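Single-structure report; data block below.
Throughout, a chain's letter reflects where its sequence line sits, starting with A, and its residues are numbered from 1. Just so you know, these numbers come straight off a predicted model, no measurement behind them.
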Protein chains: 2
Amino acid sequence: MDQLLRLLMGPWTTYILWVLENQGTLRFGELKRTIPGISSRMLTERLRGLETAQIVFRDYRPTIPPEVRYGLTERGQELGTVLASLNLLAQRWFLEKKLSNH
Amino acid sequence: MDQLLRLLMGPWTTYILWVLENQGTLRFGELKRTIPGISSRMLTERLRGLETAQIVFRDYRPTIPPEVRYGLTERGQELGTVLASLNLLAQRWFLEKKLSNH
DNA sequence: TAAAGTAGGTACTTTAAGGTAACCAATATG
DNA sequence: CATATTGGTTACCTTAAAGTACCTACTTTA
């Protein structure tokens, strides 16, 4: 689990997963444009990590110019549901904080 | 959620939670001895973060020498169940990897 | 003929995180 | 009188991660 958390932790990672879950599979450039401020270098690195963990798939088509699509694998979907429940917790706690600050 | 993940990610953090869940509340020194290799500096820092997020409580008794106990709050318990399901995923994937390496 | 779009790779610099070690107060103990 | 105990704090150094900027090949479009 430590490995898994270590993968998720890096900046951008959960953002990328979030986008892929909501928008479906996207091309590299689309993904980059959807995540303001991320550099190609970071996006590539994160996607490689997620691909290695088989959370994201990479579909490369050697056309000119090349087309590469990224999307969630089955594991990615499973992870999504767990992250959703974690998100639920975080949201509730955040809400409770706001209420107590009142 | 990003904040929450960022808190959990640091080295030692999940280890600390794991120990507190299994062993119950512990003193600073006990905790430190239970987690081989961690420095006081890191342990303090992680505990402060978890305390701020109200995942762990801190019970300070100004005796001499002082006694400080750490344990999981209600939030800590809730988080524990979610982390357990994340752990389950990680374990299953790890097993699948071993099987495919065969 | 120059620019734009495609999916990155590479080199360099900067920043933040983590590790190490020394130090503290106050008392009990030998 | 020196030492150990407790729960840290502080200063310092090192390393790894992230950011910045520029580069590629090939084609289409203006």
Are there any protein N/O atoms within less than 3.5 Å of an N/O atom in nucleotides 13-15 of chain C, and if so, which ones and at what distance?
none

Between N or O atoms, less than 3.5 Å apart, protein on one side and nucleotides 8-16 of chain D on the other: list the pairs.
| unit_1 | atom_1 | unit_2 | atom_2 | d |
| --- | --- | --- | --- | --- |
| D:dG8 | OP1 | B:R48 | NH2 | 3.3 |
| D:dG8 | OP1 | B:R58 | NH2 | 2.4 |
| D:dG8 | OP2 | B:Y70 | OH | 2.7 |
| D:dA11 | N6 | B:R41 | NE | 3.4 |

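At its two ends the helix from C:dT1-D:dA30 to C:dG30-D:dC1 runs along axes set 20° apart, each axis drawn from five pairs and the angle rounded to 10°.
A straight line from CD1 of A:I38 to P of C:dG8 spans 13 Å, rounded to a whole angstrom. At whole-Å resolution of the value, CG in B:L7 and C1' in C:dA17 are 15 Å apart. Remark: P of C:dA17 and CG of B:L43 are 18 Å apart, rounded to the nearest angstrom. In this structure, the CE atom of B:M42 is 15 Å from the P atom of C:dA21, given to the nearest Å. Rounded to whole Å, atom P of C:dC24 lies 17 Å from atom CD1 of B:I64. Note: CG (A:D59) to P (C:dT6) measures 17 Å, nearest angstrom.
When distances are taken from the side chain of B:R27 to each of D:dT6, D:dA18, C:dT6, the shortest belongs to D:dT6.
Taking each heavy atom of A:L8 and A:T13 in turn, the nearest pair found is O-CB, 3.4 Å.
Residue B:R46 is classed as a sugar-phosphate contact, given heavy-atom separations below 4.0 Å to backbone atoms only. As judged by a 4.0 angstrom heavy-atom cut-off over every strand, A:R6 is placed among residues making no nucleic acid contact.
Ion pairing between A:E67 and A:R69 holds under the 4.0 Å rule for side-chain N and carboxylate O.
Closest-nucleotide positions on DNA chain C for B:S39 and A:P65 were compared, and the one nearer the 5' end corresponds to A:P65.
Considering only side-chain N and O atoms, A:W12 lies nowhere under 4.0 angstrom from the phosphate OP1 or OP2 of D:dA17.
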